[in-house]
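Starting from 1, each residue takes its place in the sequence as its number.
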Amino acid sequence: MSFFSASTSNSLVNNAAADKDIEVADPPTDSISSLSFSPTADYLAVGSWDNNVRIYEVGANGQTQGKAMYGHQGPVLNVCWNKDGSKILSGGADNAGRMFDVTTGQSSQVAQHDAPIRVVRWIESPQGGVLATGSWDKTIKVILGFAHAKPCIDSAAPRALLHYGCCIPLMVVGTAERHILVFNLANPTTPFKTLVSPLKWQTRVVSCFPSANGFAAGSIEGRVAIQYVEEKDASNNFSFKCHRRDQMPANKDQSLVYAVNDISFHPVHGTFSTCGSDGTINFWDKDARTRLKAFEQAPGPIPCTTFNRSGTIFAYAVSYDWSKGHSGMTPGHPNKLMLHACKDEEVKRKPAKR
């Protein structure tokens with residue numbers, strides 16, 4: 001663990017008054033892969049392809065300050081916090097899951113896979129808090145306690161795991177070939193339901209509703225599916241296009257299609273954001289089936305986003321998302337960490353139509 005420069009800070013409050021998002025000082029030195037706010041305070045954990053996890057404090061007056069940093073032996077692919085905000089969990093291309101103790105400033109390895117760990121999630125269970133790690137080795141490991149770092153559950157997915165979302169008691173796993181596995185965490189060894197994604201192309205991201213009765217899935221084709229778990233709610237399922245641009249204004253039949261990189265739900269209102277390789281962000285109301293806000297296009301892809309615990313701050317990265325492979329990582333590519341002060345009209349649900 002090491003502390004990093006905090007000599008520069010910016011004000012979210014002052015920039016919000018000018019309706020301008022602010023750039024966080026001292027960002028990672030390579031592409032940003034994952035963002036996660038603490039559930040108890042405005043601390044932001046940031047995972048990066050530079051093999052490090054950084055922790056930033058967002059002060060009450062809107063100032064940002066780098067607080068700590070710890071490393072993996074390969075690119076960090078995902079980060080999350082435990083329930084009380086005392087620990088940060090991360091997974092990376094080094095096949096390892098690590099835990100950082102905020103109190104002691106020490107990190108330790110708590111999980112091991114045979115391939116990179118794509119997703120880490122902290123889950124509160126009747127037996128206590130557990131860490132769930134999902135890997136490209138086609139397994140999900142659920143680890144109870146960290147004394148010996150041995151999984152209490154090791155579930156094999158039939159195909160390579162691409163992403164998963166979790167909101168107790170629901171966990172939804174997106175795998176290769178458009179398959180989706182739905183788990184009830186009361187019985188995490190056997191899928192409660194399996195289905196083929198209604199989207200025609202590969203799943204990129206899965207995020208569960210805060211109400212835990214459904215999920216949103218985004219694909220590489222610039223489309224999002226809203227899916228409910230129970231059959232009685234199936235009439236509310238729908239999908240919509242996003243993160244697309246007309247190739248030529250005069251020809252609406254030819255569009256440039258971009259991947260949906262992340263979906264983040266607002267913790268209070270249940271609305272959600274999507275971000276894409278096209279450098280745009282949108283806020284949506286799934287119940288009204290309408291867009292609440294469209295951000296100005298950024299100078300690069302948006303790989304990841306997150307809301308803070310109260311939904312008043314929205315963090316996003318402007319960074320290369322590796323959607324075009326190594327050749328797409330050109331010199332001078334932007335690598336920014338941004339903060340947006342959310343306004344009520346941007347994130348509140350639309351009134352129901354009478």
Inset, instruction - Specify whether Tyr316 and Phe295 have parallel, tilted or perpendicular ring planes, treating 30° as the upper limit for parallel and 60° as the lower limit for perpendicular. - result: perpendicular
Inset, instruction - Please determine, by modelled atom types, if Arg54 and Tyr70 share a side-chain donor-acceptor pair under 3.5 angstrom. - result: no
Legend entry - Exercise: do Asp42 and Ser38 side chains pair donor with acceptor under 3.5 Å: no
Legend entry - Shortest non-hydrogen contact between Ala111 and Gln109, atoms and distance: O-NE2, 3.1 Å
Inset, instruction - Quick one: pull up CD1 in Ile180 and OG in Ser197 and give me the separation to the nearest 0.5 Å. - result: 4.5 Å
Inset, instruction - Evaluate side chain to side chain contact (heavy atoms under 4.5 Å, CB included) for Val46 paired with Val53, printing each intermediate quantity in order. - result: CA-CA 5 Å; Val46 181; Val53 176; over 6 Å; no
Inset, instruction - Would you sort out whether Trp136 and Leu77 count as a side chain to side chain contact (heavy atoms under 4.5 Å, CB included), showing the intermediate values? - result: CA-CA 12 Å; Trp136 289 334; Leu77 301 181; 4.0 Å; yes
Legend entry - Exercise: identify the closest heavy-atom pair between Ala288 and Lys350: CB-CB, 3.9 Å
Legend entry - Cluster check Tyr228, Leu195: I/L/V/M/F/W/Y, side chain < 4.5 angstrom: no
Inset, instruction - Check whether any side-chain heavy atom of Arg223 lies under 4.5 Å from a side-chain heavy atom of Leu199, and answer yes or no. - result: yes
Legend entry - Trp284 and Thr271: side chain donor to acceptor below 3.5 Å: no
Inset, instruction - Measure across Pro39 and Lys83 and return the closest heavy-atom pair with its distance rounded to 0.1 Å. - result: CG-O, 3.2 Å
Legend entry - Expected output: side-chain Asp262 to main-chain Cys304 donor-acceptor under 3.5 Å: no
Legend entry - Interatomic distance, Leu89 atom CG to Ser107 atom OG [nearest 0.5 angstrom]: 11.5 Å
Inset, instruction - May I ask you to check whether over 12 heavy atoms, not counting those of Glu345, lie within 6.0 Å of atom CD? - result: yes
Inset, instruction - Answer with yes or no whether the side chains of Asn261 and Arg204 bring together a donor and an acceptor at under 3.5 Å. - result: yes
Inset, instruction - Could you tell me which non-hydrogen atom of Pro116 sits nearest to which non-hydrogen atom of Ala93, and how far apart they are? - result: CB-CA, 3.7 Å
Inset, instruction - Mind telling me whether Phe272 and Phe265 have parallel, tilted or perpendicular rings, with 30° and 60° as the class edges? - result: tilted
Legend entry - Side chains of Val347 and Leu292 in contact at under 4.5 Å (non-hydrogen atoms): no
Inset, instruction - Mark yes when over 12 heavy atoms from residues, nucleotides or ligands other than Gln297 sit less than 6.0 Å from its CD; otherwise mark no. - result: yes
Inset, instruction - Drop me the distance from Ser31's OG to Tyr320's OH, to the nearest 0.5 angstrom. - result: 8.0 Å
Inset, instruction - Look at the side chain of Ser48 and the backbone N and O of Ile32, then say whether any donor-acceptor pair between them is shorter than 3.5 Å. - result: no
Legend entry - Distance-only polar pair, side chains of Thr139 and His113, donor-acceptor under 3.5 Å: yes
Legend entry - Approximate separation, where rounding is to 0.5 Å, of Cys167 SG and Ile123 CD1: 10.5 Å
Inset, instruction - Among Val24, Ile55, Thr64, Thr306, find the residue that satisfies the side-chain contact (heavy atoms from CB on, under 4.5 Å) test when tested with Leu44. - result: Thr306
Inset, instruction - Give the C-alpha distance, both sets of side-chain angles, the deciding distance and a yes or no for side chain to side chain contact (heavy atoms under 4.5 Å, CB included) between Val120 and Leu131. - result: CA-CA 7 Å; Val120 292; Leu131 171 64; 4.2 Å; yes
Inset, instruction - Indicate if Val205 and Phe209 have the same hydrophobic cluster label, given that clusters are the connected sets of ILVMFWY residues with side-chain heavy-atom separations under 4.5 angstrom. - result: yes
Legend entry - Test log, rule salt bridge (charged side-chain N to carboxylate O under 4.0 Å, His left out), inputs Arg244 and Glu221: CA-CA 9 Å; Arg244 298 181 175 205; Glu221 59 156 336; 3.5 Å; yes
Inset, instruction - Examine Tyr43 and Ile88 and state if one hydrophobic cluster contains both, with Ile, Leu, Val, Met, Phe, Trp and Tyr joined whenever side-chain heavy atoms are less than 4.5 Å apart. - result: yes
Inset, instruction - Taking Ser264 for its side chain and Phe307 for its backbone only, find out whether a donor-acceptor pair lies under 3.5 Å. - result: no
Legend entry - Check: Ser319/Asn335 side-chain N/O donor and acceptor closer than 3.5 Å: yes
Inset, instruction - Determine whether the side chains of His72 and Ser90 contain a donor N or O and an acceptor N or O closer than 3.5 Å. - result: yes
Inset, instruction - Scan side-chain atoms only and decide if Ser219 and Thr203 contain a donor-acceptor pair under the 3.5 Å cut-off. - result: no
Inset, instruction - Any chance you could measure Ile263, atom CD1, to Ile226, atom CD1, to the nearest 0.5 Å? - result: 7.0 Å
Inset, instruction - For residues Pro198 and Gln227, determine if any side-chain heavy atom of one lies less than 4.5 Å from a side-chain heavy atom of the other. - result: yes
Legend entry - Contact check, side chains of Ile313 and Phe37, non-hydrogen atoms, under 4.5 Å: yes
Inset, instruction - Identify which one of Thr280, Ile302, Val318 satisfies the side-chain contact (heavy atoms from CB on, under 4.5 Å) criterion when paired with Cys275. - result: Ile302
Legend entry - Donor-acceptor contact below 3.5 Å, side chain Asp344 vs main chain Lys348: no
Inset, instruction - Measure across Pro303 and Asp321 and return the closest heavy-atom pair with its distance rounded to 0.1 Å. - result: CB-CB, 4.1 Å
Legend entry - 4.5 Å side-chain heavy-atom contact, Val172 and Phe183: no
Inset, instruction - Might you work through the side chain to side chain contact (heavy atoms under 4.5 Å, CB included) test for Val119 and Arg121, ending with a clear yes or no? - result: CA-CA 7 Å; Val119 188; Arg121 292 288 185 270; 3.3 Å; yes
Legend entry - N/O donor-acceptor pair under 3.5 Å between Arg349 side chain and His269 backbone: yes
Legend entry - Gap between atom SG of Cys342 and atom NE2 of His266 - 0.5 Å precision: 5.5 Å
Inset, instruction - Flag the pair Glu296 and Lys20 as a salt bridge only when some basic side-chain nitrogen lies within less than 4.0 angstrom of an acidic carboxylate oxygen. - result: no
Legend entry - Donor-acceptor contact below 3.5 Å, side chain Asn184 vs main chain Phe192: no
Legend entry - Expected output: side-chain Asp101 to main-chain Lys87 donor-acceptor under 3.5 Å: no
Inset, instruction - Start with the C-alpha distance between Thr194 and His179, add both sets of side-chain angles, then the distance that settles side-chain hydrogen bond (donor to acceptor under 3.5 Å, both in side chains), and finish with yes or no. - result: CA-CA 7 Å; Thr194 61; His179 286 263; over 6 Å; no
Inset, instruction - For Ser33 and Trp49, indicate whether the former's side chain and the latter's backbone hold a donor-acceptor pair under 3.5 Å. - result: no
Legend entry - Closest contact, heavy atoms only, Arg289 versus Asn237: NH2-O, 4.3 Å
Inset, instruction - Is it possible for you to say whether Leu35 and Val58 belong to one hydrophobic cluster, with membership spreading through side-chain heavy-atom contacts below 4.5 Å? - result: yes
Legend entry - Side-chain donor/acceptor of Trp81 to backbone N/O of Ser86, under 3.5 Å: no
Inset, instruction - Evaluate salt bridge (charged side-chain N to carboxylate O under 4.0 Å, His left out) for Lys193 paired with Glu230, printing each intermediate quantity in order. - result: CA-CA 10 Å; Lys193 185 178 184 179; Glu230 299 290 347; over 6 Å; no
Inset, instruction - Determine whether Val260 and Trp201 fall in the same hydrophobic cluster, where Ile, Leu, Val, Met, Phe, Trp and Tyr are linked whenever their side-chain heavy atoms lie under 4.5 Å apart. - result: no
Inset, instruction - Please answer whether the main-chain N or O of Tyr56 pairs with a side-chain N or O of Gln65 as donor and acceptor at a distance below 3.5 Å. - result: no
